[in-house]
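Beneath this line is the structure, given in structure tokens, with notes to follow.
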Amino acid sequence: MPNSSYPLLQSINDPADLRRLPRPKLDQLAAELRAFLLGSVARTGGHLSSNLGTVELTIALHYVFNTPQDRVVWDVGHQTYPHKILTGRRDRMDSLRQWGGLSGFPQRTESDYDTFGTAHSSTSISAALGMAMAAHIKGEDRYSVAVIGDGALTAGMAFEALNNAGVADCKLLVILNDNDMSISPPVGALNRYLAQLMSGRFYSAARSVGKTVLKGAPPLLELAKRFEQQAKGMVVPATLFEKFGFNYIGPIDGHDLDSLIPTLENIKHLKGPQFLHVVTKKGQGYLRAEVDPVAYHGPGKFDPAIGLQSPSTPPKQTFTQVFGQWLCDMALNDPRLVGITPAMREGSGMVEFERRFPERYFDVGIAEQHAVTFAAGLACEGLKPVVAIYSTFLQRAYDQLIHDVAIQNLPVVFALDRAGLVGADGATHAGAYDIPYLRCIPNVSVACPADENECRQLLSTAFAQEHPVAVRYPRGAGAGVVVQPGLETLPFGKGEIRRAGTGVAILAFGSLLYPALQAAQALNATVVNMRWAKPLDLDLLLEVARNHEALVTVEEGAIMGGAGSAVAEALQAAGLAKPLLHLGLPDEFIAHGDPARLLSMIGLDAPGIQASVAQRFGAQLNLGPPVLKAVA
């Protein structure tokens, strides 16, 4: 976009430049920042609604606090695009969420202003408290600020941190960015005045003196406390946070700089933990996003003047959509089915299920631990819970998975979306570890569907079991296999040979079956669709091992402890030594980028699989020279 369109924004290369602006210029800056943000995200795709809602709050924080000396921790982190633009990364926004470009979340390695890496929710208060206590211990005079959304505040970890922080002697400010409420203009004006009053030195001093004077007269002190609570209660939704030991201020309009800046400046002079309640609107300033913030939560590229458009050709069905349709069909067939999501209704494909079966739909909020134990309780009473959860989010409920589900051997189905690489969201959202962390748990089985139709069949198979089963499937579309109607199951724990060859057998777990089949054409290799990482089809595995000179395992998951490791353990237990090659995700965190490019870079596309097999076994099995491929 031309620089002339944003003259003020172009002058801001870091927050120090921002703090030199006269206060009247900040409203113009907010307008330019919002327009730049909209145009930027429209070109790259990314999170939009949440970022449009934090423009003024971001400006106010960097204007009032001496960042990065003062620490600001963002939670979840997908609302930090304005923060990135104001902290020296404006000219790199065209690289957002692309390989080698800016992350869609805060990263400590990206900027000194990204004080803590966040992408999973509800961690900000704990991290900011740690930073604040470190400053106290080291004798450093600086503030730590946690910005947390109302959704993220539903997680137990946030309240654990609040409980700890309320008794801490440090400079900590928690800002609740509440974007599910609205403030009518009359109340907003009153809130602005009272928020500034309650954050001001006079109020703080008067409150302290009043407590001292009335301490000798307990009935009067108690009366004063009740009067203060009632006065606040007229404009404050809750005083819960004061019970944690915080001084509660707000709610105030998060788009009103005349409210935000004086309140934040007052808070800087207060002692003890402070809690500021800020109300913002998702999609603020772009009407289409205001009307439908869910659709504009994470859009792809689009024209802001037109808005989101339906594609001219229908996209391929995604695994998420396959799950959503299966869930509805199985619920119609079996009244015991209940569906559970930890605040991922749209992402997990449960919108239609909620509409059709509202009494059997449970969104527990961002509370993965509770979701799993809640499912266990339902299962104890004869229901059949299906927990729709991202692979990377189930990591947060690992103890509950073991202690509350697996030990009691309860029939809970875990529909693990986003298994494998996820592209633009990067390492924090990649489902790289579910096979290793699940297959080591007794009673738990792990299914790895190769395509859309097999996903539906294995979900039905998992639902038919009387023990916990996870079905892992990737983000987006698969091979384009037509999904057959019905609730057909597949044999539990059994795989199949998809291509007969000689010399080498490729054992594929999940959707990498299809690039393995392509690679096998040039290698004349056998290809086995293993389907299950646990239990392994031992009969099929041993038969294939005896009839081939070498084995290759392929999985879109961590090699260490993964399905390939399970194959090696099984062969060793059977006393059958065979040359083995494990292909999967390496022992490193893979950054954000186009999924196809990432798979190619780590050798998990068809040419990469062919090249790895030829390089390892080419001379031994007369497979010809390794295939060399260039990565753009």
Side-chain angles (χ1 to χ4, degrees), residues 1-2 4-10 25-61 74 76-86 90 93-94 96-97 104 147 149-152 175-189 191-192 251-260 277-312 315 343 345-347 351 355 424:
M1 286 175 283
S4 59
S5 301
Y6 311 99
L8 198 56
L9 181 61
Q10 292 295 331
K25 290 285 189 180
L26 296 186
D27 293 303
Q28 178 188 339
L29 177 64
E32 291 184 16
L33 177 55
R34 181 167 279 111
F36 180 90
L37 173 67
L38 175 59
S40 177
V41 175
R43 290 196 307 278
T44 63
H47 294 100
L48 181 61
S49 297
S50 56
N51 283 286
L52 289 173
T54 58
V55 168
E56 288 83 6
L57 177 58
T58 304
I59 290 173
L61 283 170
W74 297 88
V76 173
H78 63 285
Q79 77 277 42
T80 54
Y81 298 179
H83 162 80
K84 288 175 183 281
I85 293 168
L86 294 175
R90 179 187 63 248
M93 286 298 290
D94 280 345
L96 185 72
R97 291 159 45 97
V147 183
D150 53 299
I175 297 179
L176 170 59
N177 178 25
D178 184 345
N179 50 31
D180 278 337
M181 293 178 60
S182 61
I183 303 176
S184 59
V187 178
N191 276 345
R192 178 197 300 177
I252 65 174
D253 185 347
H255 301 298
D256 181 4
L257 289 168
D258 287 333
S259 178
L260 282 169
H277 186 168
V278 171
V279 178
T280 61
K281 184 178 182 64
K282 288 182 179 178
Q284 174 75 11
Y286 182 53
L287 184 59
R288 292 180 174 89
E290 290 181 19
V291 172
D292 193 353
V294 173
Y296 286 89
H297 171 72
K301 300 176 183 180
F302 70 100
D303 183 347
I306 299 174
L308 298 179
Q309 299 292 304
S310 300
S312 55
R345 181 190 64 170
E346 290 81 12
V351 173
R355 186 188 70 81

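Count residues from 1 along the sequence.
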(Q) Tell me the closest heavy-atom pair linking G254 and V278, and the distance in Å. (A) CA-CG1, 3.2 Å

Q | Minimal non-hydrogen separation, L308 against A295, with atom names | A | CD1-O, 3.4 Å

Q.
V41 vs N51, test: side chain to side chain contact (heavy atoms under 4.5 Å, CB included). Steps then yes/no.
A. CA-CA 10 Å; V41 175; N51 283 286; 5.9 Å; no

Q. Shortest non-hydrogen contact from A30 to E56?
A. CB-OE2, 4.1 Å

Q. With no hydrogens and no angle check, is any side-chain donor or acceptor of Y81 less than 3.5 Å from a backbone partner on H47?
A. yes

Q: Step by step, work out the side chain to side chain contact (heavy atoms under 4.5 Å, CB included) result for R43 and M93.
A: CA-CA 10 Å; R43 290 196 307 278; M93 286 298 290; 6.0 Å; no

Q: Output the distance between atom OG1 (T58) and atom NE2 (H83), rounded to the nearest 0.5 Å.
A: 8.5 Å

Q.
Which heavy atom of V55 sits nearest to which heavy atom of R34, and what is that distance?
A. CB-NH2, 3.5 Å

Q: Tell me, with the steps shown, if T280 and N177 meet side chain to side chain donor-acceptor pair (under 3.5 Å).
A: CA-CA 7 Å; T280 61; N177 178 25; 2.6 Å; yes

Q | Results of ring pair (Phe, Tyr, Trp, His ring centres under 6.0 Å) for H255 - residues two or more places apart only | A | none

Q: May I ask you to decide if G77's main-chain N or O and Q79's side chain share a donor-acceptor pair within less than 3.5 Å?
A: yes

Q.
Using every non-hydrogen atom in the two residues, find where H78 and S50 come nearest and quote the distance to one decimal.
A. CD2-OG, 3.1 Å

Q: Kindly assign one of parallel, tilted or perpendicular to the pair Y286 and F302, based on the angle between their ring planes and the thresholds 30° and 60°.
A: tilted

Q | Expected output: side-chain R90 to main-chain L9 donor-acceptor under 3.5 Å | A | yes

Q) How close do P304 and A42 get, heavy atom to heavy atom, and via which atoms? A) CG-CB, 3.5 Å

Q | Backbone of T54 reached by a side-chain donor or acceptor of Q284 within 3.5 Å | A | no

Q. So, D94 side chain and S40 main chain: donor-acceptor pair closer than 3.5 Å or not?
A. no

**Q.** Spatial distance of atom CG (D27) from atom CG (D258) [nearest 0.5 Å]
**A.** 6.5 Å

Q | Donor-acceptor contact below 3.5 Å, side chain N179 vs main chain D150 | A | no

Q: Report yes if some heavy atom in the side chain of K282 is under 4.5 Å from a heavy atom in the side chain of L52; otherwise report no.
A: no

Q: First locate atom OG of S49, then atom NZ of K281, and finally report the distance between them rounded to the nearest 0.5 Å.
A: 10.5 Å

Q. What distance do R97 atom CZ and T44 atom OG1 have between them, rounded to the nearest 0.5 Å?
A. 7.5 Å

Q. In Å and rounded to the nearest 0.5 Å, what is the CG to CG distance from D253 to L57?
A. 11.0 Å

Q: Hey, could you give me the CG/CG distance between D292 and L287, rounded to the nearest 0.5 Å?
A: 11.0 Å

